[in-house]
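Shown next, in C-alpha coordinates, is the structure this report addresses.
Note on naming: letters A, B, ... go to the chains in the order of the sequence lines (proteins, then strands), and numbering restarts at 1 for each one.
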Amino acid sequence: MLFLQHSSNHKEFHNNVYQLYHILHRSYIILNTDTSRGLTSLGWNRRMSQHALLSLGAKAWRCLYCPKSELRLDLTLECGQTFRWRETGKGHWTGVMGGRVWTLTQTDDTLWYHVYRCREDPDHVNGRKRKKAEDSQELWKKFKEMAEVKVEEDDKSLCVSTSEQDAKDEEVLKDYFQLSVKLEDLYKEWGDADPHFRRTGNIFSGLRMLRQDPVECLFSFICSSNNHITRIQGMVERLCGRFGTLLCELDGTCYHDFPSIEALAESSVQAQLRDLGFGYRARFLQESAHQIISCHNPEWLHTLRNVPYLEARASLLKLPGVGPKVADCVCLMSLDKSEAVPVDTHVWQIARRDYNYDAGSKTKTLTNKVYKEIGDLFRQRWGSYAGWAHSVLFCADLKKFQKLKETPTIKEEKNQAKME
DNA sequence: CGAAGACCTTT
DNA sequence: AAGGTCTTC
(Lines give C-alpha, C1' and ligand atoms only; values in the text may rest on other atoms or scores of the structure.)
Protein backbone atom coordinates (compact mmCIF):
# COMPACT_ATOMS: atom_id res chain seq x y z
CA MET A 1 0.00 0.00 0.00
CA LEU A 2 1.06 3.54 -0.66
CA PHE A 3 0.81 6.22 1.95
CA LEU A 4 0.98 9.67 0.43
CA GLN A 5 1.04 13.04 2.09
CA HIS A 6 -1.54 15.46 0.82
CA SER A 7 0.04 18.49 -0.83
CA SER A 8 -1.68 21.82 -1.21
CA ASN A 9 -2.27 21.13 -4.85
CA HIS A 10 -4.98 18.56 -5.45
CA LYS A 11 -4.15 18.14 -9.09
CA GLU A 12 -0.49 17.56 -8.41
CA PHE A 13 -1.38 15.11 -5.72
CA HIS A 14 -3.60 13.09 -8.00
CA ASN A 15 -1.07 13.15 -10.79
CA ASN A 16 1.53 11.70 -8.50
CA VAL A 17 -0.86 9.01 -7.46
CA TYR A 18 -1.64 8.24 -11.04
CA GLN A 19 1.98 7.80 -11.99
CA LEU A 20 2.57 5.47 -9.09
CA TYR A 21 -0.62 3.67 -9.85
CA HIS A 22 0.29 2.98 -13.42
CA ILE A 23 3.66 1.66 -12.34
CA LEU A 24 2.11 -0.74 -9.91
CA HIS A 25 -1.01 -1.39 -11.96
CA ARG A 26 -3.02 -2.45 -8.98
CA SER A 27 -5.49 -0.97 -6.59
CA TYR A 28 -4.38 1.24 -3.74
CA ILE A 29 -5.73 3.34 -0.96
CA ILE A 30 -5.52 7.07 -0.67
CA LEU A 31 -5.41 8.30 2.85
CA ASN A 32 -6.07 11.94 2.51
CA THR A 33 -6.50 13.91 5.68
CA ASP A 34 -8.51 17.06 5.36
CA THR A 35 -6.53 19.40 7.59
CA SER A 36 -8.57 22.47 6.78
CA ARG A 37 -11.43 21.44 8.99
CA GLY A 38 -9.65 19.80 11.86
CA LEU A 39 -10.58 16.60 13.58
CA THR A 40 -12.93 17.78 16.29
CA SER A 41 -15.73 15.41 17.07
CA LEU A 42 -18.19 17.76 15.54
CA GLY A 43 -16.06 18.18 12.46
CA TRP A 44 -15.67 14.46 12.22
CA ASN A 45 -19.35 13.97 12.55
CA ARG A 46 -20.12 16.48 9.88
CA ARG A 47 -17.53 15.06 7.57
CA MET A 48 -18.62 11.50 8.02
CA SER A 49 -22.21 12.40 7.30
CA GLN A 50 -21.44 13.88 3.91
CA HIS A 51 -21.31 12.23 0.54
CA ALA A 52 -17.77 11.57 -0.65
CA LEU A 53 -16.32 13.68 -3.46
CA LEU A 54 -13.14 12.61 -5.19
CA SER A 55 -11.97 16.19 -5.72
CA LEU A 56 -12.32 17.05 -2.03
CA GLY A 57 -10.40 13.98 -1.01
CA ALA A 58 -11.66 14.07 2.57
CA LYS A 59 -12.48 10.38 2.39
CA ALA A 60 -10.53 7.25 1.72
CA TRP A 61 -10.85 6.34 -1.93
CA ARG A 62 -9.67 3.21 -3.60
CA CYS A 63 -9.67 2.38 -7.25
CA LEU A 64 -9.49 -0.15 -10.01
CA TYR A 65 -8.22 -0.05 -13.56
CA CYS A 66 -11.37 0.08 -15.67
CA PRO A 67 -11.67 1.96 -18.97
CA LYS A 68 -14.95 3.57 -20.04
CA SER A 69 -15.30 1.04 -22.84
CA GLU A 70 -15.72 -1.60 -20.13
CA LEU A 71 -17.96 0.44 -17.84
CA ARG A 72 -19.84 3.69 -17.94
CA LEU A 73 -21.47 4.45 -14.63
CA ASP A 74 -24.01 6.89 -16.05
CA LEU A 75 -25.50 4.42 -18.53
CA THR A 76 -25.15 1.37 -16.33
CA LEU A 77 -26.75 2.88 -13.24
CA GLU A 78 -29.46 4.90 -14.98
CA CYS A 79 -30.71 2.62 -17.74
CA GLY A 80 -33.48 1.27 -15.52
CA GLN A 81 -31.98 -2.03 -14.39
CA THR A 82 -31.58 -0.69 -10.86
CA PHE A 83 -33.64 1.93 -9.06
CA ARG A 84 -31.57 2.92 -6.05
CA TRP A 85 -28.44 4.74 -7.24
CA ARG A 86 -28.48 8.54 -7.15
CA GLU A 87 -26.07 11.04 -8.58
CA THR A 88 -24.98 12.74 -5.35
CA GLY A 89 -22.28 14.88 -6.96
CA LYS A 90 -21.15 15.55 -10.49
CA GLY A 91 -20.30 12.12 -11.89
CA HIS A 92 -20.62 10.59 -8.42
CA TRP A 93 -23.21 7.90 -7.73
CA THR A 94 -24.18 6.77 -4.26
CA GLY A 95 -26.11 3.62 -3.47
CA VAL A 96 -26.27 0.37 -1.53
CA MET A 97 -24.30 -2.67 -2.60
CA GLY A 98 -23.75 -5.79 -0.54
CA GLY A 99 -25.42 -4.26 2.50
CA ARG A 100 -23.14 -1.22 2.60
CA VAL A 101 -23.27 2.31 1.22
CA TRP A 102 -20.89 3.22 -1.60
CA THR A 103 -20.03 6.25 -3.69
CA LEU A 104 -18.58 5.57 -7.13
CA THR A 105 -17.03 7.80 -9.76
CA GLN A 106 -14.66 7.41 -12.67
CA THR A 107 -11.85 9.22 -14.42
CA ASP A 108 -10.22 8.21 -17.71
CA ASP A 109 -9.27 4.60 -17.12
CA THR A 110 -10.04 4.40 -13.44
CA LEU A 111 -13.05 3.42 -11.38
CA TRP A 112 -12.97 5.02 -7.92
CA TYR A 113 -14.94 3.83 -4.93
CA HIS A 114 -15.53 4.82 -1.35
CA VAL A 115 -17.28 2.59 1.17
CA TYR A 116 -18.92 4.30 4.12
CA ARG A 117 -18.25 2.79 7.50
CA CYS A 118 -21.02 4.17 9.62
CA ARG A 119 -22.83 1.06 10.74
CA GLU A 120 -21.11 1.12 14.11
CA ASP A 121 -22.73 4.41 15.11
CA PRO A 122 -24.52 3.81 18.42
CA ASP A 123 -27.92 4.99 17.25
CA HIS A 124 -27.64 2.98 14.09
CA VAL A 125 -26.97 -0.22 15.96
CA ASN A 126 -30.12 0.35 17.94
CA GLY A 127 -32.01 1.33 14.85
CA ARG A 128 -32.90 4.72 16.24
CA LYS A 129 -33.05 7.91 14.29
CA ARG A 130 -30.12 10.28 14.43
CA LYS A 131 -32.42 13.17 15.33
CA LYS A 132 -33.37 11.61 18.63
CA ALA A 133 -29.72 11.25 19.60
CA GLU A 134 -29.13 14.88 18.84
CA ASP A 135 -31.99 15.91 21.06
CA SER A 136 -30.53 14.12 24.02
CA GLN A 137 -27.49 15.73 25.64
CA GLU A 138 -26.35 12.53 27.20
CA LEU A 139 -26.56 10.49 24.05
CA TRP A 140 -24.86 13.29 22.22
CA LYS A 141 -21.97 13.25 24.66
CA LYS A 142 -21.66 9.49 24.32
CA PHE A 143 -21.75 9.86 20.59
CA LYS A 144 -18.92 12.37 20.70
CA GLU A 145 -16.81 9.97 22.71
CA MET A 146 -17.59 7.23 20.27
CA ALA A 147 -16.71 9.53 17.44
CA GLU A 148 -13.28 10.27 18.80
CA VAL A 149 -12.59 6.62 19.29
CA LYS A 150 -13.90 5.92 15.86
CA VAL A 151 -11.52 8.35 14.20
CA GLU A 152 -8.58 6.43 15.56
CA GLU A 153 -10.08 3.10 14.67
CA ASP A 154 -10.86 4.29 11.21
CA ASP A 155 -7.35 5.59 10.65
CA LYS A 156 -5.89 2.38 11.96
CA SER A 157 -8.00 0.17 9.80
CA LEU A 158 -7.15 2.25 6.77
CA CYS A 159 -3.44 2.19 7.52
CA VAL A 160 -3.34 -1.57 7.51
CA SER A 161 -2.36 -2.52 4.03
CA THR A 162 -4.82 -4.72 2.13
CA SER A 163 -6.88 -5.67 5.14
CA GLU A 164 -9.31 -8.50 4.69
CA GLN A 165 -12.19 -6.06 4.47
CA ASP A 166 -10.50 -4.13 1.66
CA ALA A 167 -10.04 -7.28 -0.35
CA LYS A 168 -13.68 -8.15 0.23
CA ASP A 169 -14.82 -4.71 -0.88
CA GLU A 170 -13.00 -5.07 -4.15
CA GLU A 171 -14.57 -8.47 -4.69
CA VAL A 172 -18.04 -7.10 -4.01
CA LEU A 173 -17.47 -4.35 -6.56
CA LYS A 174 -16.10 -6.67 -9.23
CA ASP A 175 -18.91 -9.10 -8.67
CA TYR A 176 -21.67 -6.48 -8.78
CA PHE A 177 -20.40 -5.01 -12.05
CA GLN A 178 -19.36 -8.41 -13.44
CA LEU A 179 -16.04 -6.89 -14.44
CA SER A 180 -14.64 -10.27 -15.47
CA VAL A 181 -16.97 -10.14 -18.47
CA LYS A 182 -15.07 -8.41 -21.27
CA LEU A 183 -17.64 -5.97 -22.54
CA GLU A 184 -15.56 -4.55 -25.36
CA ASP A 185 -15.25 -8.00 -26.94
CA LEU A 186 -19.00 -8.49 -26.68
CA TYR A 187 -19.74 -5.15 -28.34
CA LYS A 188 -17.48 -6.17 -31.20
CA GLU A 189 -19.29 -9.48 -31.61
CA TRP A 190 -22.70 -7.83 -31.55
CA GLY A 191 -21.57 -5.14 -33.99
CA ASP A 192 -20.07 -7.65 -36.41
CA ALA A 193 -23.31 -9.60 -36.47
CA ASP A 194 -25.53 -6.53 -36.63
CA PRO A 195 -24.79 -3.20 -38.40
CA HIS A 196 -27.63 -1.47 -36.58
CA PHE A 197 -26.14 -2.41 -33.25
CA ARG A 198 -22.74 -1.13 -34.30
CA ARG A 199 -24.14 2.36 -34.84
CA THR A 200 -25.71 2.76 -31.43
CA GLY A 201 -23.08 0.64 -29.71
CA ASN A 202 -20.41 3.18 -30.60
CA ILE A 203 -22.24 5.93 -28.73
CA PHE A 204 -23.64 3.79 -25.91
CA SER A 205 -20.49 1.88 -25.03
CA GLY A 206 -19.71 0.69 -21.54
CA LEU A 207 -23.26 -0.32 -20.61
CA ARG A 208 -23.17 -3.60 -18.74
CA MET A 209 -25.62 -5.71 -16.80
CA LEU A 210 -25.27 -5.63 -13.06
CA ARG A 211 -25.28 -8.79 -10.97
CA GLN A 212 -27.88 -7.61 -8.51
CA ASP A 213 -29.19 -9.25 -5.40
CA PRO A 214 -32.10 -11.44 -6.60
CA VAL A 215 -34.34 -10.30 -3.73
CA GLU A 216 -33.94 -6.62 -4.54
CA CYS A 217 -34.29 -7.32 -8.24
CA LEU A 218 -37.46 -9.39 -7.93
CA PHE A 219 -39.35 -7.10 -5.59
CA SER A 220 -38.27 -3.95 -7.41
CA PHE A 221 -39.53 -5.27 -10.73
CA ILE A 222 -42.80 -6.45 -9.28
CA CYS A 223 -43.29 -2.74 -8.63
CA SER A 224 -42.53 -1.91 -12.26
CA SER A 225 -45.71 -3.23 -13.85
CA ASN A 226 -47.87 -0.65 -15.59
CA ASN A 227 -45.76 2.06 -14.03
CA HIS A 228 -43.07 4.61 -14.87
CA ILE A 229 -39.49 4.83 -13.66
CA THR A 230 -39.76 7.95 -11.51
CA ARG A 231 -42.60 6.45 -9.54
CA ILE A 232 -40.88 3.06 -9.26
CA GLN A 233 -37.82 4.77 -7.79
CA GLY A 234 -39.96 6.47 -5.16
CA MET A 235 -41.75 3.25 -4.32
CA VAL A 236 -38.55 1.22 -3.91
CA GLU A 237 -37.12 3.97 -1.75
CA ARG A 238 -40.16 3.93 0.52
CA LEU A 239 -40.07 0.13 0.63
CA CYS A 240 -36.49 0.21 1.91
CA GLY A 241 -37.14 3.08 4.28
CA ARG A 242 -40.04 1.28 5.91
CA PHE A 243 -38.83 -2.34 6.00
CA GLY A 244 -35.06 -2.21 5.53
CA THR A 245 -32.26 -1.75 8.07
CA LEU A 246 -30.86 1.77 8.36
CA LEU A 247 -27.25 1.77 7.20
CA CYS A 248 -26.21 5.41 7.46
CA GLU A 249 -27.15 9.01 6.87
CA LEU A 250 -25.34 11.31 4.43
CA ASP A 251 -26.21 14.96 3.93
CA GLY A 252 -29.56 14.29 5.54
CA THR A 253 -30.37 11.34 3.30
CA CYS A 254 -30.92 8.00 5.00
CA TYR A 255 -29.64 4.89 3.29
CA HIS A 256 -31.34 1.60 4.08
CA ASP A 257 -30.59 -1.94 3.09
CA PHE A 258 -33.15 -3.70 0.94
CA PRO A 259 -35.71 -5.53 3.13
CA SER A 260 -35.43 -9.26 3.72
CA ILE A 261 -38.02 -11.60 2.24
CA GLU A 262 -39.09 -12.50 5.76
CA ALA A 263 -39.83 -8.86 6.56
CA LEU A 264 -42.00 -8.56 3.44
CA ALA A 265 -43.87 -11.81 4.07
CA GLU A 266 -45.67 -10.52 7.18
CA SER A 267 -49.39 -10.23 6.55
CA SER A 268 -49.45 -6.68 7.92
CA VAL A 269 -47.14 -5.57 5.12
CA GLN A 270 -49.90 -5.47 2.56
CA ALA A 271 -51.88 -2.71 4.24
CA GLN A 272 -48.72 -0.76 5.03
CA LEU A 273 -47.67 -0.83 1.38
CA ARG A 274 -51.11 0.37 0.37
CA ASP A 275 -50.59 3.33 2.62
CA LEU A 276 -47.23 3.97 1.01
CA GLY A 277 -48.92 4.27 -2.38
CA PHE A 278 -48.10 0.88 -3.91
CA GLY A 279 -51.62 0.33 -5.19
CA TYR A 280 -52.54 -3.18 -6.27
CA ARG A 281 -48.84 -4.17 -6.24
CA ALA A 282 -48.93 -4.24 -2.43
CA ARG A 283 -50.67 -7.61 -2.58
CA PHE A 284 -48.23 -9.00 -5.17
CA LEU A 285 -45.21 -8.06 -3.07
CA GLN A 286 -46.44 -9.52 0.18
CA GLU A 287 -47.91 -12.66 -1.40
CA SER A 288 -44.78 -13.38 -3.42
CA ALA A 289 -42.66 -13.01 -0.29
CA HIS A 290 -45.01 -15.26 1.64
CA GLN A 291 -45.02 -17.86 -1.11
CA ILE A 292 -41.22 -18.00 -1.19
CA ILE A 293 -41.01 -18.44 2.57
CA SER A 294 -43.77 -21.04 2.83
CA CYS A 295 -43.06 -23.10 -0.32
CA HIS A 296 -39.31 -22.74 -0.40
CA ASN A 297 -36.81 -20.91 1.84
CA PRO A 298 -35.18 -17.48 2.04
CA GLU A 299 -32.20 -18.66 -0.03
CA TRP A 300 -34.34 -20.14 -2.77
CA LEU A 301 -34.04 -17.18 -5.11
CA HIS A 302 -30.24 -17.37 -4.99
CA THR A 303 -30.30 -21.07 -5.83
CA LEU A 304 -31.97 -20.21 -9.14
CA ARG A 305 -28.56 -18.97 -10.27
CA ASN A 306 -27.53 -22.60 -10.55
CA VAL A 307 -30.37 -23.85 -12.75
CA PRO A 308 -30.92 -23.36 -16.51
CA TYR A 309 -32.60 -20.17 -17.78
CA LEU A 310 -35.97 -21.64 -18.72
CA GLU A 311 -36.22 -23.54 -15.47
CA ALA A 312 -35.51 -20.43 -13.38
CA ARG A 313 -37.96 -18.46 -15.50
CA ALA A 314 -40.72 -21.03 -15.04
CA SER A 315 -40.17 -21.01 -11.27
CA LEU A 316 -40.46 -17.22 -11.10
CA LEU A 317 -43.64 -17.20 -13.21
CA LYS A 318 -45.45 -19.03 -10.43
CA LEU A 319 -45.12 -16.02 -8.14
CA PRO A 320 -48.01 -13.54 -8.04
CA GLY A 321 -47.29 -10.33 -9.90
CA VAL A 322 -44.54 -11.99 -11.94
CA GLY A 323 -45.23 -12.33 -15.66
CA PRO A 324 -42.86 -12.97 -18.57
CA LYS A 325 -41.33 -9.50 -18.54
CA VAL A 326 -40.58 -9.32 -14.81
CA ALA A 327 -39.32 -12.92 -14.79
CA ASP A 328 -36.87 -12.14 -17.58
CA CYS A 329 -35.68 -8.98 -15.83
CA VAL A 330 -34.88 -10.98 -12.71
CA CYS A 331 -33.21 -13.74 -14.75
CA LEU A 332 -31.05 -11.29 -16.69
CA MET A 333 -30.21 -8.82 -13.94
CA SER A 334 -29.70 -11.05 -10.93
CA LEU A 335 -29.65 -14.74 -11.88
CA ASP A 336 -26.79 -14.91 -14.42
CA LYS A 337 -29.10 -15.60 -17.38
CA SER A 338 -27.44 -13.40 -19.99
CA GLU A 339 -29.66 -14.79 -22.75
CA ALA A 340 -32.89 -13.58 -21.13
CA VAL A 341 -34.48 -10.77 -23.16
CA PRO A 342 -37.19 -8.83 -21.33
CA VAL A 343 -39.71 -7.70 -23.93
CA ASP A 344 -41.89 -4.73 -23.13
CA THR A 345 -43.83 -2.36 -25.36
CA HIS A 346 -40.61 -0.47 -25.98
CA VAL A 347 -38.59 -3.48 -27.09
CA TRP A 348 -41.52 -4.58 -29.22
CA GLN A 349 -41.37 -1.22 -30.96
CA ILE A 350 -37.60 -1.53 -31.48
CA ALA A 351 -38.09 -4.97 -33.04
CA ARG A 352 -40.63 -3.60 -35.50
CA ARG A 353 -38.89 -0.33 -36.25
CA ASP A 354 -35.28 -1.47 -36.55
CA TYR A 355 -35.45 -5.20 -37.21
CA ASN A 356 -38.34 -5.61 -39.64
CA TYR A 357 -40.33 -7.66 -37.21
CA ASP A 358 -43.78 -7.40 -38.75
CA ALA A 359 -45.11 -10.84 -37.86
CA GLY A 360 -46.24 -9.43 -34.54
CA SER A 361 -47.77 -6.23 -35.80
CA LYS A 362 -51.00 -8.09 -36.47
CA THR A 363 -51.78 -8.49 -32.80
CA LYS A 364 -52.85 -5.54 -30.74
CA THR A 365 -51.41 -6.83 -27.47
CA LEU A 366 -48.05 -8.37 -26.63
CA THR A 367 -49.02 -12.04 -26.71
CA ASN A 368 -46.84 -14.88 -25.42
CA LYS A 369 -46.21 -15.92 -28.99
CA VAL A 370 -44.95 -12.50 -30.05
CA TYR A 371 -42.96 -12.24 -26.84
CA LYS A 372 -41.11 -15.47 -27.55
CA GLU A 373 -40.52 -14.62 -31.20
CA ILE A 374 -38.89 -11.30 -30.37
CA GLY A 375 -36.68 -12.90 -27.72
CA ASP A 376 -35.64 -15.64 -30.16
CA LEU A 377 -35.00 -13.07 -32.88
CA PHE A 378 -32.52 -11.21 -30.70
CA ARG A 379 -30.96 -14.37 -29.29
CA GLN A 380 -30.38 -15.64 -32.80
CA ARG A 381 -28.76 -12.39 -33.82
CA TRP A 382 -26.67 -11.59 -30.76
CA GLY A 383 -26.02 -14.98 -29.20
CA SER A 384 -25.82 -16.04 -25.58
CA TYR A 385 -25.46 -12.49 -24.22
CA ALA A 386 -28.52 -11.22 -26.09
CA GLY A 387 -29.99 -9.76 -22.91
CA TRP A 388 -26.95 -7.53 -22.49
CA ALA A 389 -27.11 -6.35 -26.09
CA HIS A 390 -30.84 -5.73 -25.86
CA SER A 391 -30.39 -3.36 -22.94
CA VAL A 392 -27.95 -1.24 -24.94
CA LEU A 393 -30.63 -0.59 -27.54
CA PHE A 394 -33.25 -0.14 -24.86
CA CYS A 395 -31.07 2.45 -23.15
CA ALA A 396 -30.41 4.25 -26.43
CA ASP A 397 -34.16 4.72 -26.79
CA LEU A 398 -34.65 6.26 -23.36
CA LYS A 399 -35.66 9.87 -23.45
CA LYS A 400 -33.05 10.95 -20.93
CA PHE A 401 -30.19 9.72 -23.11
CA GLN A 402 -31.30 11.26 -26.39
CA LYS A 403 -28.84 14.11 -25.96
CA LEU A 404 -25.96 11.62 -26.24
CA LYS A 405 -26.98 10.87 -29.80
CA GLU A 406 -26.88 14.52 -30.77
CA THR A 407 -23.35 15.22 -29.54
CA PRO A 408 -21.45 13.56 -32.38
CA THR A 409 -23.69 15.18 -34.93
CA ILE A 410 -23.06 18.59 -33.47
CA LYS A 411 -19.34 17.91 -33.50
CA GLU A 412 -19.58 16.88 -37.13
CA GLU A 413 -21.47 20.02 -37.98
CA LYS A 414 -18.89 22.13 -36.20
CA ASN A 415 -16.12 20.37 -38.02
CA GLN A 416 -17.89 20.91 -41.28
CA ALA A 417 -18.40 24.56 -40.46
CA LYS A 418 -14.70 24.90 -39.71
CA MET A 419 -13.76 23.28 -42.98
CA GLU A 420 -15.99 25.63 -44.88
C1' DC B 1 -54.65 -18.77 -28.46
C1' DG B 2 -55.86 -13.87 -28.54
C1' DA B 3 -58.51 -9.71 -27.25
C1' DA B 4 -60.42 -6.83 -23.70
C1' DG B 5 -60.79 -4.80 -19.24
C1' DA B 6 -59.68 -4.12 -14.50
C1' DC B 7 -56.15 -2.88 -11.39
C1' DC B 8 -53.70 1.71 -7.82
C1' DT B 9 -51.36 6.05 -8.34
C1' DT B 10 -48.86 9.61 -9.99
C1' DT B 11 -46.31 12.29 -13.76
C1' DA C 1 -50.30 7.13 -20.15
C1' DA C 2 -46.96 4.67 -17.49
C1' DG C 3 -41.11 -0.38 -18.97
C1' DG C 4 -47.41 -5.38 -16.92
C1' DT C 5 -50.18 -8.99 -14.78
C1' DC C 6 -54.37 -11.49 -14.07
C1' DT C 7 -58.90 -12.86 -15.20
C1' DT C 8 -62.49 -13.62 -18.26
C1' DC C 9 -64.65 -14.41 -22.58
Side-chain angles (χ1 to χ4, degrees), chain A residues 75-85 204 207 209-210 212 216-239 242 269-292 313-334 340-354 357-376 378 386-402:
Chain A
L75 300 180
T76 301
L77 298 177
E78 294 195 69
C79 68
Q81 60 176 321
T82 173
F83 302 99
R84 291 229 290 154
W85 289 89
F204 292 86
L207 170 52
M209 285 294 101
L210 299 171
Q212 300 184 63
E216 171 164 350
C217 195
L218 171 66
F219 290 95
S220 295
F221 276 96
I222 289 178
C223 297
S224 75
S225 73
N226 194 21
N227 211 345
H228 33 224
I229 293 180
T230 47
R231 187 178 168 216
I232 300 167
Q233 285 174 338
M235 287 164 66
V236 174
E237 208 168 274
R238 291 197 292 280
L239 184 73
R242 181 66 187 78
V269 168
Q270 220 175 110
Q272 294 184 65
L273 288 176
R274 283 272 178 181
D275 288 340
L276 291 174
F278 279 67
Y280 59 85
R281 302 168 199 83
R283 189 169 60 86
F284 291 156
L285 289 165
Q286 188 271 326
E287 285 182 350
S288 276
H290 179 74
Q291 193 166 311
I292 292 171
R313 188 177 192 271
S315 296
L316 292 170
L317 284 174
K318 289 174 183 159
L319 299 171
V322 179
K325 197 267 181 177
V326 170
D328 277 330
C329 283
V330 178
C331 281
L332 173 66
M333 300 166 187
S334 72
V341 179
V343 180
D344 54 31
T345 51
H346 233 264
V347 174
W348 188 16
Q349 192 199 322
I350 290 170
R352 284 192 295 190
R353 187 191 62 201
D354 303 328
Y357 178 73
D358 53 353
S361 47
K362 282 245 175 186
T363 58
K364 178 74 180 164
T365 53
L366 188 51
T367 61
N368 277 334
K369 186 165 168 275
V370 172
Y371 190 105
K372 189 180 183 313
E373 281 177 2
I374 293 174
D376 289 340
F378 287 142
W388 289 49
H390 129 281
S391 76
V392 174
L393 296 189
F394 177 83
C395 178
D397 254 32
L398 286 176
K399 199 176 176 184
K400 62 177 150 191
F401 288 126
Q402 292 313 299

What distance, rounded to whole Å, do you find between the two P atoms, one in B/dC8 and one in C/dT8? 15 Å
message: What's A/Cys79 touching, base or sugar-phosphate or nothing? Going by heavy atoms closer than 4.0 Å.
response: base
- Task: Give one of base, sugar-phosphate or nothing for A/Ile229, where a contact means two heavy atoms less than 4.0 Å apart.
- Result: base
NA contact type, A/Phe394, heavy-atom cut-off 4.0 Å: base, sugar-phosphate, or nothing? base
Below 4.0 angstrom from OP1 or OP2 of B/dC7, is there any side-chain N or O of A/Arg281? no
Worksheet item: If you count the non-hydrogen atoms of other residues, nucleotides and ligands that lie under 6.0 Å from CG in A/Asn368, is the total more than 12?
Response: no
Quick check against the 3.5 Å criterion: does A/His390 have a side-chain atom that pairs as donor or acceptor with the backbone of A/Gly387?
yes
- Task: Looking at every strand, decide which applies to A/Pro342 at a 4.0 Å heavy-atom threshold: base, sugar-phosphate, or nothing.
- Result: nothing
Decide side-chain contact (heavy atoms from CB on, under 4.5 Å) for A/Leu218 and A/Ser334; before the verdict, give the C-alpha distance in whole Å, the side-chain angles of both, and the deciding distance to 0.1 Å. CA-CA 8 Å; A/Leu218 171 66; A/Ser334 72; over 6 Å; no
Q. With a non-hydrogen cut-off below 4.0 angstrom, is A/Leu273 in contact with a base, only sugar-phosphate, or nothing?
A. nothing
How would you label the contact of A/Val326 with the nucleic acid (heavy atoms, under 4.0 Å): base, sugar-phosphate, or nothing? sugar-phosphate
Checklist entry - Is any NZ, NE, NH1 or NH2 atom of the basic residue among A/Arg242 and A/Asp275 found under 4.0 Å from an Asp or Glu carboxylate oxygen of the other? => result no
